[in-house]
Amino acid sequence: MLALTNTELEEVRDWLLRTVRLVVDHPGEVAIDTLPGDDRTTFRIKVNASDRGKVIGRQGRTSQSLRVLAGAMGKKFDRRFIIEIDEEE
C-alpha cells in the first residue's frame, strides 16, 4: 500500500468539499476540518443548520454514500477515512 502524503490528503478533502457544496443551499458556509490520526483521518463537515438534512439525506443515504466513497479511497492508502457531520448549531 502507498503512504498518504499531505497533498493526497488535501485532494481527498477538496473532493469532499466540492461534493458537499453541490448538495447544499449555502455552499459558502461549508467547512471541513481534517483531524489526522495514526491509522485514520477524520473529516468533520460543518454546514449551515438548514443544510444538515441535505448532507445526511433521506434515511442517511447521502452521508452513507459519502462514507462508502471515502472508505474506498482510504483503502488505496491503507487508511480509514471517517466522515462526521458536525451537530453544533
Side-chain angles (χ1 to χ4, degrees):
M1 295 291 170
L2 302 170
L4 186 66
T5 66
N6 285 337
T7 303
E8 291 164 333
L9 187 60
E10 283 299 312
E11 286 178 10
V12 174
R13 182 194 165 280
D14 290 344
W15 165 81
L16 185 58
L17 184 63
R18 285 190 314 271
T19 303
V20 172
R21 283 181 174 167
L22 290 172
V23 174
V24 299
D25 291 331
H26 303 93
E29 295 183 37
V30 176
I32 299 179
D33 293 330
T34 305
L35 309 167
D38 291 336
D39 63 344
R40 69 184 67 197
T41 299
T42 301
F43 297 99
R44 186 168 294 143
I45 301 171
K46 297 179 183 180
V47 296
N48 183 295
S50 65
D51 287 330
R52 193 171 301 122
K54 289 182 173 89
V55 176
I56 294 170
R58 290 188 181 159
Q59 298 181 352
R61 288 185 182 138
T62 304
S63 59
Q64 184 60 29
S65 296
L66 291 171
R67 289 180 175 111
V68 167
L69 290 170
M73 284 186 269
K75 286 183 186 220
K76 178 178 177 181
F77 302 106
D78 196 26
R79 188 161 189 84
R80 287 191 65 207
F81 290 144
I82 298 170
I83 296 178
E84 296 177 354
I85 300 166
D86 200 356
E87 295 295 326
E88 293 180 15
E89 290 295 326

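All values below were derived from every heavy atom in this structure, side-chain atoms included, with hydrogens, water molecules and symmetry-related copies excluded.
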- Query: Could you give the distance from OG1 (Thr41) to CG (Leu9), rounded to the nearest 0.5 Å?
  - Reply: 5.0 Å
- Output all residues satisfying side-chain hydrogen bond (donor to acceptor under 3.5 Å, both in side chains) with Arg58, sequence neighbours left out; order by chain, then residue number. none
- Query: Under a 4.5 Å side-chain heavy-atom rule over Ile, Leu, Val, Met, Phe, Trp and Tyr, are Val68 and Leu16 clustered together?
  - Reply: no
- Query: Between Glu10 and Arg13, is any pair of side-chain heavy atoms under 4.5 Å apart?
  - Reply: yes
- Please, which pairs that meet ring pair (Phe, Tyr, Trp, His ring centres under 6.0 Å) have at least one residue in residues 18-49, sequence neighbours excluded? Phe43-Phe81
- Item | Any residue meeting salt bridge (Lys or Arg N to Asp or Glu O under 4.0 Å) with Glu84, in chain and number order, not counting sequence neighbours | Arg44
- List for me each residue that meets salt bridge (Lys or Arg N to Asp or Glu O under 4.0 Å) alongside Asp33, sequence neighbours excluded, and say none if there are none. Lys46
- Message: Do Val30 and Asp51 make a side-chain contact, defined as non-hydrogen atoms from C-beta onward lying under 4.5 Å apart?
- Response: no
- Note on the structure: Contacts of Glu11 meeting side chain to side chain contact (heavy atoms under 4.5 Å, CB included) (sequence neighbours excluded), chain-then-number -> Thr7
- Between the main-chain N or O of Gly71 and the side-chain N or O of Arg79, is there a donor-acceptor pair closer than 3.5 Å? no
- Message: Checking Asp25 now: which residues fulfil salt bridge (Lys or Arg N to Asp or Glu O under 4.0 Å) with it, not counting sequence neighbours?
- Response: Lys54
- Message: Which residues pass the side chain to side chain contact (heavy atoms under 4.5 Å, CB included) test with Ser63, not counting sequence neighbours?
- Response: Ile56, Arg67, Ile85
- In terms of hydrophobic clustering (I, L, V, M, F, W, Y; side-chain heavy atoms under 4.5 Å; direct or indirect links), are Val24 and Trp15 co-clustered? yes
- Which residues satisfy the side-chain hydrogen bond (donor to acceptor under 3.5 Å, both in side chains) test with Ser50, sequence neighbours excluded? Asn48
- Here the pair of heavy atoms bringing Ile83 nearest to Leu66 is CD1-O, 3.5 Å
- Nearest heavy-atom pair of Gly57 and Thr62: which atoms, and what distance? CA-OG1, 3.5 Å
- Message: Tell me which one of Val47, Val12, Leu17 satisfies side chain to side chain contact (heavy atoms under 4.5 Å, CB included) with Ile32.
- Response: Leu17
